[in-house]
Protein chains: 2
Amino acid sequence: MNIGEVAKAAGISTKMIRHYESVGLLPPACRTAAGYRQYGLADIRTLQFIRRSRDLGFSIDEIRNLLSLWQNRDRTSREVKALAKEHLDELEKKLQELLAMKKALQHLVSCCQGNHRPDCPILEELAGDSNHLSMTGLSLSP
Amino acid sequence: MNIGEVAKAAGISTKMIRHYESVGLLPPACRTAAGYRQYGLADIRTLQFIRRSRDLGFSIDEIRNLLSLWQNRDRTSREVKALAKEHLDELEKKLQELLAMKKALQHLVSCCQGNHRPDCPILEELAGDSNHLSMTGLSLSP
DNA sequence: CGTTGACCTTCCCTCCATGGGAATCTTCAG
DNA sequence: CTGAAGATTCCCATGGAGGGAAGGTCAACG
């Protein structure tokens, strides 16, 4: 199979397949005499594994580890779980950061009248004239 | 004031201050005869505005707009609120994506025994052998 | 056989926000 | 005068994706 075919089958662009090969996620593909990459069913399975891992937010490095565990029959599920747990913690951390941003911004937006007048608590807060948040505990510069 | 001084005062690295100037967030600073950038109190205020905006996740482009509204006395709070609301929606979207990842991964992690044996529902799901999620509605490839 | 169009190759550039580091110059205190 | 701290510019890297150019290959159709 040519690269375009596996790309469709795995739901990954040809660009990214070449990229994954270049960073060592995929072993270098066999080539035809003309230099075309050749793939088999196993490669599709690997690429789908990669895509699903990306869908869960794993980084290239983490996927490298996941792949090697997947292909290693002597792995223990403990190792896999540890890797997943670590990523889960990263996700949770980002989630909390986003949540904090969202809450603060939500508060500001709700305070803003959104009318024709120029005075705006959002700009005031960004400018540091923060009296209006001082009693909400939502101050940005604690 | 030299760049290092404002950097400390505003809580932004000198690198980023130069960068912000290069992308037009900050007007080009005046220079001494030797070429050193010179800043005043207004610049610190602007930089703090930028930092607080970044803390809320606004992009450079969005901050450019916020700054011009801030400095424009003919603005309406409606414009500011619209900008903030738009960003809030982006935040919400990312939040939902992260949440979906987290939930799916959390489920997988909770299914994994994490012991010395090699069989692991996490790897099975990533590999596409998904029977165990089929009844939870958490399938990754719907 | 020739042409055409779809596909493949490599190479370089872009995004976004941030930082590292080198080479060189300026300023200030001792 | 010397040395350290701080400035300057310039190039490079990150991560995960994509754009696009210049050129080679393959298959089908007339």
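To find a chain, count down the sequence lines: A is the first, B the second, and so on, and within it residues start at 1. Both backbone and side-chain heavy atoms feed into the values below; hydrogens, waters and symmetry mates do not.
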- Task: Assign A:R37 to base, sugar-phosphate, or nothing according to its heavy-atom contacts below 4.0 angstrom with the strands shown.
- Result: sugar-phosphate

- Could I get the full list of side chain to side chain donor-acceptor pair (under 3.5 Å) partners for A:K81, not counting sequence neighbours? none

- Separation of C:dT9 C1' from A:H19 NE2 (nearest whole Å): 18 Å

- Message: Categorize A:T32 for me: base, sugar-phosphate, or nothing, with a 4.0 angstrom heavy-atom threshold over every strand shown.
- Response: nothing

- Note on the structure: So the contacted stretch of DNA chain D, first to last nucleotide with an atom under 4.0 Å from a non-hydrogen atom of chain A, runs from D:dG16 to D:dC26

- Specify the separation, in whole Å, of atom CG of B:L25 and atom C1' of C:dA17. 11 Å

- Message: In this structure, how many angstroms lie between the P atom of C:dC8 and the CD atom of A:E21, rounded?
- Response: 14 Å

- Note on the structure: note: B:M1, atom CE; C:dT27, atom C1'; distance rounded to Å ~ 18 Å

- Task: Kindly compute the distance separating CG (A:L25) from CD1 (A:I50), expressed to the nearest 0.5 Å.
- Result: 4.5 Å

- Message: Would you say that B:F58 contacts B:L66 through its side chain, given a criterion of any heavy-atom pair below 4.5 Å between the two side chains?
- Response: yes

- Task: Establish, with yes or no, whether the OP1 or OP2 oxygen of C:dT18 is under 4.0 angstrom from a side-chain nitrogen or oxygen of B:R54.
- Result: yes

- Partners passing side chain to side chain donor-acceptor pair (under 3.5 Å) against A:N65 (at least two apart in sequence or in another chain): none

- Message: Both A:K15 and B:A34 contact DNA chain D. Taking the nearest nucleotide for each, which residue is further toward the 5' end?
- Response: B:A34

- Item | Nucleotide of C:dT18, C:dC25, C:dG19 approaching B:Y20 most closely (side-chain heavy atoms) | C:dT18

- Note on the structure: Side-chain contact check for B:M16: nearest option of C:dC25, C:dA17, C:dC8 is C:dA17

- Item | Student check: side-chain heavy atoms of A:D43 and A:M1 closer than 4.5 Å | no

- Task: Take atom CG of A:N2 and atom P of C:dT9, then tell me their distance rounded to the nearest Å.
- Result: 7 Å

- Residue pair B:R54 / B:Y20, side-chain heavy-atom distance below 4.5 Å: yes

